[in-house]
Amino acid sequence: MSQQEGKLTLSKKGKREMSPFIGHELLYDYLSGVLDEERKLAVEDHVKFSRDAQLDLNKIQNGEVYAKQLASTIVSQPIIEQINTPSTYLTVLMQKSNFDRWPQGLKWGLEALVVVGVIVTLLTVAPWQKVLQIGMSGGSKEVVLSEVSKTEKVAQYEDKPQFVDEEPKTDKPLQVPKPMPTAEVKATPAATVAAVPSVAPTKTATTAAAAVAKNEAEEDSSAVASGGHLYRGEIALTNLSVVGPKITEKIKELGGRKAGSVELGWQKSPTSTYYHFTLPAAKYQDLTNFLGTYGKVNLIKEKHPRVMPDGIIRLIITVDEDKK
């Protein structure tokens with residue numbers, strides 16, 4: 001009866017072959033001798049055919065041997081005394097005061113008292129005046145070297161002429177002569193006085209036309225050493241007073257810009273207007289088509305010493321009133 005009390009009572013119902021998991025779990029019980037005969041035989045059969053079970057059984061046996069040898073180890077008295085000897089004054093104080101045996105509330109109170117003492121000492125000893133000065137002076141210092149105020153200025157472009165070498169000289173406007181005072185004129189030379197206002201305007205108009213002819217002649221003479229080109233021509237149309245402003249607006253619409261000192265459509269005479277301007281080369285055909293709707297256009301490409309920028313051409317066109 002006493003022999004069976006020291007062994008495990010296992011059920012014999014549903015007897016079957018032992019699984020590897022159960023076999024591994026029963027290895028320690030097998031070595032301890034607490035299994036019944038049937039389980040013992042089953043574990044032995046499992047160990048006989050399982051390499052892992054054999055290795056585990058060997059490890060358990062080695063562990064038991066090592067534990068028995070370790071239990072028989074004897075520590076010398078000098079080593080025990082060295083272990084028990086405190087290494088610091090705090091350890092000595094803790095051992096003398098038996099701090100580990102104090103109540104928990106008393107331990108917390110003592111720790112709080114120590115912390116409060118450290119804080120009070122720090123607040124009393126620390127030079128707070130210098131700390132505050134350092135903190136206030138440690139801010140960012142910005143030095144203004146210069147102040148610049150930007151004001152938006154609208155660029156004003158004057159419509160200055162690009163070329164002034166081929167325009168008629170019209171620095172002075174046409175002046176209509178003032179009539180002579182009648183108080184100082186005698187009756188006999190009346191015919192001479194009447195002839196003055198009619199002769200003077202004719203002379204001024206002749207001077208402007210001569211200037212245009214002179215500039216055109218100089219232009220032709222300078223074309224020998226030509227590096228560029230100039231389009232020159234004329235067109236005759238009817239109703240110049242109405243069509244002239246339309247031509248001016250069309251030239252501006254196509255990107256034309258005056259190239260001399262006189263404005264576009266300068267009136268040389270009551271029956272003739274003068275156009276000296278630059279135009280994008282891509283708009284040349286559009287201009288000729290527009291002018292062709294009012295009359296026959298005669299434009300000749302001539303050599304000229306002035307070289308125009310790429311994509312820009314220069315034209316001089318005279319528009320006359322058709323005499324038909």
Peer 1: Does some side-chain heavy atom of Leu315 sit less than 4.5 Å from a side-chain heavy atom of Tyr275?
Peer 2: no

Peer 1: May I ask you to test the Leu110-Trp102 pair for a side-chain heavy-atom distance under 4.5 Å?
Peer 2: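 Leu110 reaches Trp102 side chain to side chain.
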
Peer 1: So which of Ile312, Ile251, Thr278, Leu264 actually passes side-chain contact (heavy atoms from CB on, under 4.5 Å) with Arg257?
Peer 2: Thr278

Peer 1: Table please: side-chain donor-acceptor pairs of residues 65-78 below 3.5 Å, with sequence neighbours left out.
Peer 2:
residue : atom : partner : partner atom : Å
Ser72   : OG   : Gln69   : O            : 2.7
Thr73   : OG1  : Gln69   : O            : 3.4
Thr73   : OG1  : Leu70   : O            : 3.1

Peer 1: Quick one, Glu44 and Tyr30 - any side-chain contact, counting heavy atoms below 4.5 Å?
Peer 2: yes

Peer 1: Taking all non-hydrogen atoms of both residues, which atom of Asp286 and which atom of Ala282 are closest, and how far apart?
Peer 2: OD2-O, 4.5 Å

Peer 1: Contact between Thr318 and Thr273 at the side-chain level, heavy atoms closer than 4.5 Å - yes or no?
Peer 2: no

Peer 1: Show, in sequence, the C-alpha distance, side-chain angles and deciding distance for Arg51 and Leu55, and conclude whether the side chain to side chain contact (heavy atoms under 4.5 Å, CB included) test is met.
Peer 2: CA-CA 6 Å; Arg51 177 62 179 168; Leu55 294 175; 3.8 Å; yes

Peer 1: What distance separates Lys250 NZ from Asn289 CG, expressed to the nearest 0.5 Å?
Peer 2: 9.5 Å

Peer 1: Can you tell me how far the CZ atom of Arg306 sits from the CG atom of Leu230, to the nearest 0.5 Å?
Peer 2: 10.5 Å

Peer 1: Are any side-chain N or O atoms of Glu234 and backbone N or O atoms of Asp320, one a donor and one an acceptor, separated by less than 3.5 Å?
Peer 2: no

Peer 1: Please round to the nearest 0.5 Å and tell me the distance separating atom NZ of Lys59 and atom CD of Glu64.
Peer 2: 15.0 Å

Peer 1: Are any of the side-chain heavy atoms of Phe277 and Ile316 separated by less than 4.5 Å?
Peer 2: no

Peer 1: Would you check if there is a donor-acceptor pair between the side chains of Gln267 and Tyr274 at a distance under 3.5 Å?
Peer 2: no

Peer 1: Asn58: what forms a side chain to side chain contact (heavy atoms under 4.5 Å, CB included) with it, not counting sequence neighbours?
Peer 2: Gln61, Asn62

Peer 1: Stepwise, does the side chain to side chain contact (heavy atoms under 4.5 Å, CB included) test hold for Tyr284 with Leu299?
Peer 2: CA-CA 11 Å; Tyr284 175 75; Leu299 289 177; 3.5 Å; yes

Peer 1: Can you name the nearest heavy-atom pair linking Ser241 to Pro245, along with the distance?
Peer 2: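 Closest approach of Ser241 to Pro245, heavy atoms only: O-CD, 3.3 Å.
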
Peer 1: Is there a side-chain contact between Val43 and Asp29 (heavy atoms, below 4.5 Å)?
Peer 2: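 No, their side chains stay 4.5 Å or more apart.
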
Peer 1: Report yes or no: does Ser32 contribute a side-chain atom to a donor-acceptor pair with the main-chain N or O of Tyr28 at less than 3.5 Å?
Peer 2: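 Flag set: sc Ser32 to bb Tyr28 pair under 3.5 Å.
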
Peer 1: I want to check something: taking the side chain as every heavy atom from C-beta on, are Tyr231 and Ile313 in contact at a cut-off of under 4.5 Å?
Peer 2: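 Yes; the side chains approach each other to less than 4.5 Å.
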
Peer 1: Can any side-chain N or O of Glu321 pair as donor or acceptor with the backbone N or O of Thr238 at less than 3.5 Å?
Peer 2: no

Peer 1: Other residues, nucleotides and ligands only: do more than 12 of their heavy atoms fall within 6.0 Å of NZ on Lys296?
Peer 2: no

Peer 1: Hey, could you give me the CG/OG distance between Leu240 and Ser269, rounded to the nearest 0.5 Å?
Peer 2: 8.5 Å

Peer 1: Please answer whether the main-chain N or O of Gln285 pairs with a side-chain N or O of Thr288 as donor and acceptor at a distance below 3.5 Å.
Peer 2: yes

Peer 1: Which value, rounded to the nearest 0.5 Å, describes the distance between Leu279 atom CG and Lys252 atom NZ?
Peer 2: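 Leu279 CG to Lys252 NZ: 14.0 Å, rounded to 0.5 Å.
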
Peer 1: Do His229 and Arg314 pair up side chain to side chain, a donor and an acceptor below 3.5 Å, judged on atom types alone?
Peer 2: no

Peer 1: So which heavy atom on Gly255 is nearest to which on Pro280, and how close?
Peer 2: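 Taking every non-hydrogen atom into account, O-CD, 3.7 Å.
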
Peer 1: Main chain of His276, side chain of Trp266: is a donor-acceptor contact present, judged purely on distance under 3.5 Å?
Peer 2: no

Peer 1: Any side-chain to backbone donor/acceptor pair from His46 onto Ala42? Under 3.5 Å, distance only.
Peer 2: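 No: the side chain of His46 does not pair with the backbone of Ala42.
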
Peer 1: Whether the side chain of Thr293 engages the backbone of Phe290 through a donor-acceptor N/O pair (distance < 3.5 Å, no angle test) should be reported.
Peer 2: yes

Peer 1: Donor-acceptor pairs under 3.5 angstrom involving side-chain atoms of residues 114-129: please list them, not counting sequence neighbours.
Peer 2:
residue : atom : partner : partner atom : Å
Thr121  : OG1  : Gly117  : O            : 2.7
Thr124  : OG1  : Val120  : O            : 2.7
Trp128  : NE1  : Leu123  : O            : 3.0

Peer 1: Could you go through the side chain to side chain contact (heavy atoms under 4.5 Å, CB included) check for Leu237 and Asp322 one step at a time?
Peer 2: CA-CA 5 Å; Leu237 48 83; Asp322 194 356; 5.7 Å; no

Peer 1: Are Ile235 and Asn298 close enough that some pair of their side-chain heavy atoms sits under 4.5 Å apart?
Peer 2: no

